[in-house]
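In this text the structure is predicted, and so the values were computed from the model without any measurement. Any value given below was found using the heavy atoms of this structure, including those in side chains, with hydrogens, waters and symmetry copies removed.
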Amino acid sequence: MTLRVLPAALLLPVLMASCAPVASLLATREEQGPPPRQAGPLTVGETWTVGGPIDGRSVAATIGIQDLVDVPGGTASVNERDRLDAFAAGREGFGLARYDPDRRYLTFSWVGTGNTTYVCEVTTLLSLPYQGRLTTQRGGQTVATGTCEANVSR
């Protein structure tokens, strides 16, 4: 009878060692916490480079996705109040990304020099870099149109 118990006792350390990688993997996943919030192609922690030719020159902006918040018609990287304040004040360098899940549109907006607003609207989210339509706005009026490209840079 001791001969039957002995092989099982020898296998116990081997079985316990085989569980260690699974336990380690589960512990690592718990320590990392939940995945970053996403809205369409936008993920918290990303940085996007957006720009293109318009009105005879090239414009570009770098837009960081520090957070994603619910706004009317979708999700944006800043809330509506901050967006309205920044664009009304002409805060040069301010930018945001917005995703509309109903239309599957991705829009990047930023304030350039001279209180000029640039808007890159991507309506086809096939593959990076995304291609879209770039507009320049002053005083709420579109004054020029061009093309834009948006790509995750980090």
**Asked** Taking C-beta and beyond as the side chain, do L42 and T75 meet within less than 4.5 Å on heavy atoms?
**Response** no

**Contact summary for G112 and Y118, nearest pair of heavy atoms** = CA-CE1, 3.9 Å

**Asked** In terms of ring plane angle, is the pair F94 and F87 parallel, tilted or perpendicular, where the classes change at 30° and 60°?
**Response** perpendicular

**Prompt:** Applying the 4.5 Å side-chain criterion to the ILVMFWY set and letting contacts propagate, would V44 and L106 be lumped into a single cluster?
**Reply:** yes

**Message:** On a heavy-atom basis, which atom in N79 and which in D82 lie closest, and how many Å separate them?
**Reply:** OD1-N, 2.7 Å

**Closest contact, heavy atoms only, A150 versus V50** = CB-CG2, 4.1 Å

**Message:** With a sphere of 6.0 Å drawn around CZ of R133, does it hold more than 12 non-hydrogen atoms of other residues, nucleotides or ligands?
**Reply:** no

**Prompt:** Does some side-chain heavy atom of L134 sit less than 4.5 Å from a side-chain heavy atom of V59?
**Reply:** yes

**Asked** Would you say the side chain of L125 lies within less than 4.5 Å of the side chain of R104, judging by non-hydrogen atoms?
**Response** yes

**Message:** A side-chain contact here means heavy atoms from C-beta on lying under 4.5 Å apart; do V143 and Q137 qualify?
**Reply:** no

**Asked** Taking the side chain as C-beta and beyond, is there a heavy-atom pair between L128 and N151 under 4.5 Å?
**Response** yes

**Request:** Applying side chain to side chain contact (heavy atoms under 4.5 Å, CB included), run through E92 and T113 and close with a yes or a no.
**Result:** CA-CA 6 Å; E92 187 176 329; T113 57; 3.1 Å; yes

**Pairwise side-chain contact, I65 with W48, heavy-atom cut-off 4.5 Å (strictly under)** = yes

**Item:** Crowding at CD, Q66 (>12 non-hydrogen neighbours, <6.0 Å)
**Value:** no

**Minimum heavy-atom distance R91-V111, with the two atoms named** = O-CB, 3.4 Å

**Distance-only polar pair, side chains of R98 and T107, donor-acceptor under 3.5 Å** = no

**Asked** Can any side-chain N or O of R37 pair as donor or acceptor with the backbone N or O of L68 at less than 3.5 Å?
**Response** yes

**Side chains of T124 and V122 in contact at under 4.5 Å (non-hydrogen atoms)** = no

**Item:** Side chain E46, main chain T43, donor-acceptor under 3.5 Å
**Value:** yes

**Message:** Which heavy atom of T47 sits nearest to which heavy atom of T62, and what is that distance?
**Reply:** CG2-CG2, 3.1 Å

**Item:** Straight-line distance of I54 CD1 to C148 SG, nearest 0.5 Å
**Value:** 9.0 Å

**Prompt:** Under 4.5 Å between side-chain heavy atoms, hopping through other hydrophobics if needed: is there a path connecting V78 to F108?
**Reply:** no

**Asked** Can you find a pair of side-chain heavy atoms, one from E149 and one from Y130, that are under 4.5 Å apart?
**Response** no

**Prompt:** Between G64 and S77, what is the shortest heavy-atom contact and its length?
**Reply:** O-CB, 4.4 Å

**Prompt:** How long is the span from the CG atom in D70 to the CD atom in E80, to the nearest 0.5 Å?
**Reply:** 11.5 Å

